[in-house]
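One structure below.
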Amino acid sequence: MAKSESSPGPVSPDPWAPILEELLDELEASADRIGLGTERGVLESLLDLEGGRQGDVALPVHRLAGPAGRAPPVLAADLAKSWSPSRSIESVSADGAFVNFRVVTARLARETLERVAARGARYGGQDGPGPTAIVEHTSANPTGPLHVGRVRNGIIGDTVARVARAMGESVTTQYYVDDLGRQSAMITWIWSKPADQWPTEIAAAAAVPEPPVRRDDVLYGRPYPFVSAYLKDHPDAQAELAALVQRIEEGHGPPLHRELVGKILAGMLATLARINVRFDTFVWESSLLTDGSVDSVLRRLNGLPSSITEENGARALDLGRYGLPKESSRVVYQRGDGTSLYLTRDVAYHLKKMRSADRVVDVLGQDHRLHARTLDAFFEELGEPRRPIFIIYQDILAHGGGRMSTRGGSAVWLDELLDDAVERARGEVRDRWESIDAAEADRIAEAVGTGAVRFHILRIAPEKPVAFDWEQALSFEGRSGPFVQYSYARAGSILRKSGASEFFVGYDPAHYTSEPEKALVRVIARLPRTLRVVLRTNHVQNVAGYAHDLADEFNRFYHAVPVLSADAERTSRLALVAAAHQTLGNVLDLMGIERLERM
RNA sequence: GGGCGCGUAGCCUAGUCUGGAUAGGGCACCGGGUUCCUAACCCGGCGGUCGAGGGUUCAAAUCCCUCCGCGCCCGCCA
């Protein structure tokens, strides 16, 4: 009953919010009239907002039918019949056990365009200050250039961060730089030897096909896979490496070490920057040793009742009660020689993150799944109330299946993929736009090519196993990044040619009477809800899905509804185009794909 | 062997958390569309035992059980 006697409060950034409130008010009243004492919360939870084929919102009444003592179709019909006309709901109809509500387009359009006009680049998101968040992603070992097997990490992480930021969270992205341990030490080990003292097996690195770009990550990462293989059957080298690892962990590593890690990392970051992936903070693993974080964790762990000392003095936690799929229920966190392990440092790192942010999100490959569970168990043991949120993705497999391997030649370098995509885009641009100058063509090609790659990876759920496919990765049609960019450019073109400078003045939402216009209004209106769901579920593929839906509806509208040549409706249609343009742009931003005014 | 993830048309994929109406898209294929705001587009068609089997339910792609296939992990590596 009670219409909101409370103050309206701040306007919701979601155009559907006030309409759904009204719908629920009326639904409650309608339920009352037919003697249903159903609570508003129940009704609300039953509403299907993506719902109706035959409307905008659907209410399945099965669950209400029993208590009401009537058959579902009867109840649905009764509810529909007792409906009183309202300004938001255009029609209410019963179909079987469903009641379908169709919203008055003009009302939805008004709520939507007002918000797009007022919020601009912030349309779709929410105002802060929200919680603080740390999103850690990529964090690949600095041992060589990135290949596409792991590029999902950065794209997922960066998109999650962008969405969280749009939703009002205060987000810091972090790259955890592994400068400790064997992997990066192998690089230093080999490069600290004069070239004429390299083992021949490693010097043979020169025979491997070269990645297309020559940068420090390529150059210094080159011997890595060969060092790795060489070590397997050279105990003397292993001993050298072990000594080096220990010196590094003790803080006495050669200056070359940090220098090489930094150079390789810079190369990897240059590649990531091409797809608009950048980081706010870099946390060097070694800093956790020097700032005492690891010692402090070690002390806490050693004091735990579940802490055990192994024969050689190593320390472990008995995690038997967690049912981890380990051969032993003991998980070692400190070596016999007193040094720490990756796991221990990661515990320290996460405790640090959880102290400084409300939400801690990690993007991890599926090979880290058990590691993530182990971390959780450690936090439980330590009495830490909070947990990181783990987003687990599957590595992209090589073309025929199987892991991408540098030595086996099945690895596809990310730069190589991007170069190919850009090259193909350049061809497309030239075909369509002959008068374009070279610099402009390059700029557009880079945006289109990299956008295609980023979208291609983003569109698939992270946990889905995928094998790399050049043809699909380089597609510029259909469900693709360029399609969204193209739609944005088309909308921009209309706005430009209109000669107008202000689009959200003098429009009349009652003009949106054709199906394409109604559909376009509805997709635009859907963005805030979509982003709320993505924030909660981390299903970043839905951002790409939404972008495609929006572009799709815009193109249908574009073909069916003339804008510039319209008379009475021109202003209103321009407003709708402007709203679509803004929204497409906002979604491109969320995906880290360049907006192009022309293409 | 154990644990976890994945399995939706020829190919790729959304939907699975929170069960609801004839399972949405895209590619490919077939047929149309450009004197008109960018054809990287639009319209139409073809194509589905949602891995298999059982169970729960008024209702299962979705929940439970069993099995099959693929992947990953089960280190005093990271």
Side-chain angles (χ1 to χ4, degrees), chain A residues 45-46 48 50-54 58 60-63 65-66 71-72 95-98 100 141 178 180-184 285 310 312-316 323-328 331-337 339-343 345-346 365-371 373 392 394-395 397 401-403 425 428-429 431-433 448 452 456 459-461 463-467 469 471-472 475-487 489-498 536-537 539 541-542 544-545 548-549 551-552 555-556 558-566 573 577 598-599:
Chain A
S45 69
L46 252 29
D48 178 359
E50 307 304 327
R53 300 278 175 67
Q54 304 168 39
V61 302
H62 311 83
R63 274 183 240 273
D95 180 11
F98 294 82
N100 293 297
N141 282 332
D178 173 21
L180 258 31
R182 286 167 50 91
Q183 309 215 3
S184 57
E285 196 173 0
E310 307 277 10
N312 67 347
R315 305 277 302 197
L324 299 175
K326 298 258 191 190
E327 310 232 319
S328 155
V331 177
V332 174
Y333 61 85
Q334 186 175 31
R335 292 193 182 92
D337 63 8
T339 56
S340 63
L341 284 90
Y342 162 72
L343 170 68
R345 292 174 226 130
D346 218 19
Q366 78 155 335
D367 53 339
H368 278 63
R369 213 177 270 274
L370 177 58
H371 176 71
R373 283 181 66 190
I392 308 283
Q394 297 256 5
D395 285 0
L397 302 174
R403 279 187 126 164
E428 296 285 328
V429 173
D431 286 352
R432 290 155 212 271
W433 190 351
V448 170
H456 173 69
R459 61 184 267 263
I460 299 171
E463 65 275 14
K464 219 76 146 171
V466 293
D469 182 328
E471 206 44 49
Q472 286 179 20
S475 165
F476 297 167
E477 291 168 9
R479 212 177 178 93
S480 74
F483 176 45
V484 181
Q485 289 172 310
Y486 178 71
S487 308
R490 268 188 155 177
S493 174
I494 294 180
L495 299 181
R496 211 162 38 239
K497 289 189 175 166
S498 75
R536 184 172 58 78
T537 59
H539 290 178
Q541 68 270 24
N542 295 147
H548 174 261
D549 289 350
D552 210 30
N555 280 296
R556 262 195 269 277
Y558 180 93
H559 275 274
V561 184
V563 177
L564 297 180
S565 62
R573 289 180 183 171
V577 172
R598 299 161 201 263
M599 63 183 274

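In what follows, chains are A, B, ... by sequence order, proteins preceding strands, each numbered from 1.
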If we take the [atom1] atom in both [N] and [M], what is their distance in whole Å?
N: B/rA28; M: B/rA23; atom1: P; result: 24 Å
N: B/rU8; M: B/rG26; atom1: C1'; result: 14 Å
N: B/rC58; M: B/rC70; atom1: C1'; result: 37 Å
N: B/rC63; M: B/rG44; atom1: P; result: 34 Å
N: B/rG51; M: B/rA60; atom1: P; result: 15 Å
N: B/rA14; M: B/rG33; atom1: C1'; result: 29 Å
N: B/rG47; M: B/rC30; atom1: P; result: 16 Å

Who does [N] pair with, Watson-Crick or G-U, both distances under 3.5 Å?
N: B/rC36; answer: none
N: B/rG44; answer: B/rC30
N: B/rG71; answer: B/rC4
N: B/rU22; answer: none

According to a strict under-4.0 Å criterion, is [X] in side-chain N/O contact with OP1 or OP2 of [N]?
X: A/Arg335; N: B/rG75; result: no
X: A/Arg490; N: B/rA39; result: yes
X: A/Ser493; N: B/rU38; result: yes
X: A/Asn555; N: B/rC43; result: no
X: A/Gln472; N: B/rA28; result: no
X: A/Lys464; N: B/rU8; result: no
X: A/Arg403; N: B/rC73; result: yes

**Prompt:** Does any donor atom in the side chain of A/Gln183 or A/Asp178 lie under 3.5 Å from an acceptor atom in the other side chain?
**Reply:** no
**Aro-ring/base stack A/His62-B/rG20, d under 5.5 Å, angle under 30°** = yes
**Message:** Between the base of B/rA21 and the ring of A/Phe98 - centre-to-centre under 5.5 Å, planes within under 30° - is that a stack?
**Reply:** yes
**Item:** Partner of A/Ser340 by side-chain hydrogen bond (donor to acceptor under 3.5 Å, both in side chains), out of A/Arg335, A/Gln334, A/Arg345
**Value:** A/Arg345
**Prompt:** Do the non-hydrogen side-chain atoms of A/Tyr558 and A/Val577 ever get within less than 4.5 Å of each other?
**Reply:** no
**Request:** Kindly say whether the aromatic ring centers of A/Phe98 and A/His62 come within a distance under 6.0 Å.
**Result:** yes
